Colleague: 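Below is one structure. I have some questions about it.
These numbers were taken from a predicted model, which means no experiment stands behind them. The chains referred to below are lettered A, B, ... by the order of the sequence lines, with proteins before strands, and numbering in each begins at 1.
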Amino acid sequence: MAKVLTPQAEDFPRWYQDVVAKADLAENGPVRGTMVIKPWGYAIWELLQAEIDRRIKQAGAKNAYFPLFIPESFLKKEAQHVEGFSPELAVVTHGGGEELAEPVVVRPTSETVINHLFAKWVQSHRDLPLLINQWANVVRWELRPRLFLRTSEFLWQEGHTCHATRDEAQAYALRILADVYADTMYSVLGVPILVGRKPEDEKFAGADATYTCEGIMVDGKALQMGTSHELGQNFAKAFGITFQSAEGGAAEHVWQTSWGASTRLIGALIMCHGDDDGLRLPPLVAPAQVVVLVVRDEGDVAGAAADLSRRLADAGLRVELDDKVATSFGRRSTDWELKGVPVRVEVGPRDLAEGLVTVKRRVGRVVEQVPLANVLEAVCVALELAEQDLVTEATLRREQATVETSTLDEALEAARTGVARVSWDLVRDQPLGGGVTVRCLQRPDGGIPLAADEPDMVAFLARAY
RNA sequence: CGGGGAGUGGCGCAGCGGUAGCGCACCUGCUUUGGGGGCAGGCGGUCGGGGGUUCGAAUCCCCCCUCCCCGACCA
């Protein structure tokens, strides 16, 4: 196998850049920090998006769309929020050749503009809960961009909800975390995650509590893949979102949540499953689940390959037919491998003479000769196993990367190369350094702490992207 | 903003006073095709910008700009 990529062990960040480029996922835009998502990368995003969208709707939220431009004054209405986002705002000061009376910011997130509207939409307890989601791009002027992981503009979904009580809002924030994020990450992306609560100083700007899904990458670093926030009544008070309860009486402020997951998930996919030969895609988000390759255009090989790809497509699989024999077979194999297609079916004259084709799995490099009649079944089994193997491998790796520690020094040492599990009481208010941060807090039994001051919490320390 | 480095065909780089080169990619043709094939021919650059030194500047000097890497911030 020709080495096309910088090996992970040699230089992981460079390996990442190589994969993004060679698998044709994305490239830099002309403005620093911007990203061009190329067809292969975008197709992955669309599949991921569809999965998340389905779960969001299942949780009762409806899609809507709010403006890209937000009056600058809106951002300033919630004190923590403006403090958190000011440094990374893109601000438009001119329009139509004139200086604007009030500058508008390009949304870094949409709490402010959405809550402005919510104040009008919510009047009665009958309007609650209000469950809204939007798919959009947002802009945060990043100092150190990295394709998919941290770009100045990125695509995401952001959910925003209003509830009558704190308990209901909390339950909904946790429901999204579990049913939408954790479930998609685990059962669709095959990425094992740590689910927990962010310490107070790592909360979303303006939130009472932030819950997070932290993925563990091949190099032992953590990546925040999705967050769900309890906003309390902070924005409700800043924007005047009130309702009258069934009992009547004075207007009350609603209790809110917001939650988001972005194109960063693609970065997680790359860094969690990729190997020295490229991407390895879980079948559910593979733009092509199977590629049928014409090894050599001899006799009826091309016809047989075309028939085969049609049969697989008819069975509901996403299939790509590669009959571009002008390019060498080795080159094409390498390219599909870089792109991470889970299963390849190779149709060549030698095998075909015996009524066989070769089925190769990207994960585990399993190769088998299969009679033409059994290809569909063999491919389905291979896809099933591909999914399982990816999860098993990644889960094992996360377990190996996670170290139980009993002192802060031990934890910091372990967090230099992986994840340290340590008592929160040993970490609280201590300086960490070395790029190590508290990724999340859990209860001793792995549950999610519902209050910031729960006793006996466990902290997970790691370096992060 | 602090510390380091780099700007030369699409990409990666060499050249460091004497007419702009290499690898990859791309185009044409032949040959090949079971893991990035081979051969031949070809397209493509006012060497980041401005000023200066010199008979002569990609190369030396001055100013400016941009980008990358390491930190602080971050979905």
Colleague: Taking the P atom of each, how far is B/rG44 from B/rG7, in whole Å?
Modeller: 25 Å

Colleague: Can you tell which of B/rG35, B/rA25, B/rC69 lies closest to the side chain of A/S333?
Modeller: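 For A/S333, the side-chain atoms sit closest to B/rG35.
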
Colleague: Please state how far atom CG in A/D11 lies from atom P in B/rC69, giving the value in whole angstrom units.
Modeller: 11 Å

Colleague: Only pairs with both distances under 3.5 Å count, Watson-Crick or wobble alike; so what is the partner of B/rC73 in this structure?
Modeller: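 The base-pairing partner of B/rC73, which may sit in any strand shown, does not exist here.
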
Colleague: Please give the distance between the C1' atoms of B/rG3 and B/rA57 as a whole number of Å.
Modeller: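 That atom pair is separated by 32 Å.
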
Colleague: Tell me whether A/F154 and B/rA75 count as stacked here, given that the ring centres must be under 5.5 Å apart and the planes must differ by less than 30 degrees.
Modeller: yes

Colleague: Does CD belonging to A/E377 count more than 12 external heavy atoms closer than 6.0 Å?
Modeller: no

Colleague: Can you tell me if A/H163 uses its side chain to pair, donor with acceptor, with the backbone of A/T257 under 3.5 Å?
Modeller: no

Colleague: Please indicate whether A/R54 has more than 12 foreign heavy atoms, meaning atoms of other residues, nucleotides or ligands, lying under 6.0 Å from its CZ.
Modeller: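 Yes, CZ of A/R54 has more than 12 neighbouring heavy atoms, counting only those of other groups under 6.0 Å.
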
Colleague: At under 4.0 Å between heavy atoms, what does A/L149 touch on the DNA or RNA strands: base, sugar-phosphate, or nothing?
Modeller: base

Colleague: Students often get this wrong, so: under 4.0 angstrom with heavy atoms, is A/G260 touching a base, only sugar-phosphate, or nothing?
Modeller: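 If one applies the 4.0 Å heavy-atom cut-off, A/G260 turns out to touch nothing in the nucleic acid.
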
Colleague: Calculate the interatomic distance between A/L338 atom CG and B/rG35 atom P; express it in whole Å.
Modeller: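 These atoms are roughly 16 Å apart.
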
Colleague: Could you please name the partner base of B/rG18, counting Watson-Crick and G-U wobble pairs only when both distances are under 3.5 Å?
Modeller: B/rC55

Colleague: Is there a donor and acceptor pair, one atom on the side chain of A/R365 and one on the base of B/rG35, closer than 3.5 Å?
Modeller: no

Colleague: Give the rounded distance in Å between these two atoms: CD of A/E111 and P of B/rA75.
Modeller: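 After rounding, the reported distance stands at 12 Å.
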
Colleague: OP1, OP2 of B/rA75 versus side-chain N and O of A/S262: anything below 4.0 Å?
Modeller: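 Answer no for this pair, as no side-chain N or O of A/S262 is under 4.0 Å from OP1 or OP2.
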
Colleague: Assess whether salt bridge (charged side-chain N to carboxylate O under 4.0 Å, His left out) is satisfied between A/R310 and A/D307, documenting all intermediate values.
Modeller: CA-CA 5 Å; A/R310 208 170 304 120; A/D307 282 349; 3.2 Å; yes

Colleague: What I want to check is whether an N or O donor and acceptor connect the side chain of A/K360 with the base of B/rG34 at under 3.5 Å.
Modeller: no

Colleague: List, with names and distances, any nitrogen or oxygen atoms from the protein found under 3.5 Å away from nitrogen or oxygen atoms belonging to nucleotides 8-14 of chain B.
Modeller:
none

Colleague: Grab the CD1-P distance between A/I266 and B/rA75 for me, whole Å please.
Modeller: 18 Å

Colleague: Is any NZ, NE, NH1 or NH2 atom of the basic residue among A/E111 and A/K77 found under 4.0 Å from an Asp or Glu carboxylate oxygen of the other?
Modeller: no

Colleague: Can you tell which of B/rG37, B/rA75, B/rG34 lies closest to the side chain of A/P349?
Modeller: B/rG34

Colleague: Rounded to the Å, how far apart are A/K324 NZ and B/rU33 C1'?
Modeller: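 Result: 16 Å.
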
Colleague: Could you work out the separation of B/rC55 and B/rG17 based on their C1' atoms and round it to a whole Å?
Modeller: 12 Å

Colleague: Check every strand shown and say whether A/T109 touches a base, only sugar-phosphate, or nothing at a heavy-atom separation below 4.0 Å.
Modeller: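 Contact class for A/T109: none.
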
Colleague: With RNA chain B as reference, determine whether A/R150 or A/R146 sits nearer its 5' end, using the nearest nucleotide of each.
Modeller: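 Between the two, 5'-proximity favours A/R146.
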
Colleague: Which value, in whole Å, describes the distance between the C1' atoms of nucleotides B/rG45 and B/rG4?
Modeller: 29 Å

Colleague: With no hydrogens and no angle check, is any side-chain donor or acceptor of A/N115 less than 3.5 Å from a backbone partner on A/A236?
Modeller: no

Colleague: With ring centroids as reference points, do A/Y211 and A/F204 lie under 6.0 angstrom apart?
Modeller: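 For A/Y211 and A/F204, the ring centres are not under 6.0 Å apart.
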
Colleague: Without decimals, in angstroms, what is the distance between A/H229 NE2 and B/rA75 P?
Modeller: 8 Å

Colleague: Using the P atom in both, what is the distance from B/rG49 to B/rC11, to the nearest Å?
Modeller: 15 Å

Colleague: What's the closest nucleotide to the side chain of A/V325 if the choices are B/rG35, B/rA75, B/rU33?
Modeller: B/rU33

Colleague: Looking for any heavy atom pair under 4.0 Å, which part of the strands does A/R14 touch: base, sugar-phosphate only, or nothing?
Modeller: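 The answer is nothing, as A/R14 stays clear of every strand by at least 4.0 Å.
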
Colleague: Under 3.5 Å, is there a donor-acceptor pair between the side chain of A/S309 and the main chain of A/A306?
Modeller: yes

Colleague: Quickly work out the A/D201 CG to B/rC73 C1' distance and round it to whole Å.
Modeller: 13 Å

Colleague: Base, sugar-phosphate alone, or nothing: which one does A/T151 contact when heavy atoms must sit under 4.0 Å apart?
Modeller: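 Base, at least one base atom sits under 4.0 Å.
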
Colleague: How far does the C1' atom of B/rC47 sit from the matching atom of B/rG21, given to the nearest Å?
Modeller: 12 Å

Colleague: When all nucleic acid strands are considered with a 4.0 Å heavy-atom cut-off, which category describes A/D351: base, sugar-phosphate, or nothing?
Modeller: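 Base contact.
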
Colleague: A/R463 has an atom CZ; how far is it from atom P of B/rA72, in whole Å?
Modeller: 13 Å

Colleague: For B/rC30, which nucleotide in any strand shown is its Watson-Crick or wobble partner with both distances under 3.5 Å?
Modeller: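 For B/rC30, the partner nucleotide comes out as B/rG38, under the 3.5 Å rule.
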
Colleague: Could you give the distance separating B/rG15 and B/rG48 at their P atoms, to the nearest angstrom?
Modeller: 15 Å

Colleague: Start at the 5' end of RNA chain B and walk down; is the nucleotide closest to A/D335 or to A/W156 reached first?
Modeller: A/D335

Colleague: Give none if B/rC11 has no partner; otherwise give the nucleotide forming a Watson-Crick or G-U wobble pair with it, both distances under 3.5 Å.
Modeller: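 Partner of B/rC11: B/rG23.
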
Colleague: My understanding is that a pair needs two contacts under 3.5 Å, Watson-Crick or G-U wobble. By that rule, which nucleotide pairs with B/rC43?
Modeller: none

Colleague: At their closest point, which heavy atom of A/E200 faces which heavy atom of A/A452, and how far apart are they?
Modeller: OE2-CB, 3.2 Å

Colleague: According to the Watson-Crick and G-U wobble definitions, with both distances under 3.5 Å, which nucleotide is paired to B/rU66?
Modeller: B/rA6

Colleague: Could you work out the separation of B/rC69 and B/rG23 based on their C1' atoms and round it to a whole Å?
Modeller: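 The answer is 25 Å between these two C1' atoms.
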
Colleague: May I ask you to establish whether A/R55 and A/W259 are in a cation-pi arrangement, using a distance under 6.0 Å from NZ or CZ to the six-membered ring centre and at most 45° from the ring axis?
Modeller: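 No cation-pi geometry.
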
Colleague: Report, as yes or no, whether the 6.0 Å neighbourhood of atom CH2 on A/W424 holds more than 12 heavy atoms from other residues, nucleotides or ligands.
Modeller: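 Yes, because the 6.0 Å sphere around CH2 of A/W424 holds more than 12 heavy atoms from other groups.
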
Colleague: Ignoring hydrogens and angles, answer whether the base of B/rC74 and the side-chain atoms of A/R140 contain a donor-acceptor pair closer than 3.5 Å.
Modeller: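 Check fails, no donor-acceptor contact within cut-off.
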
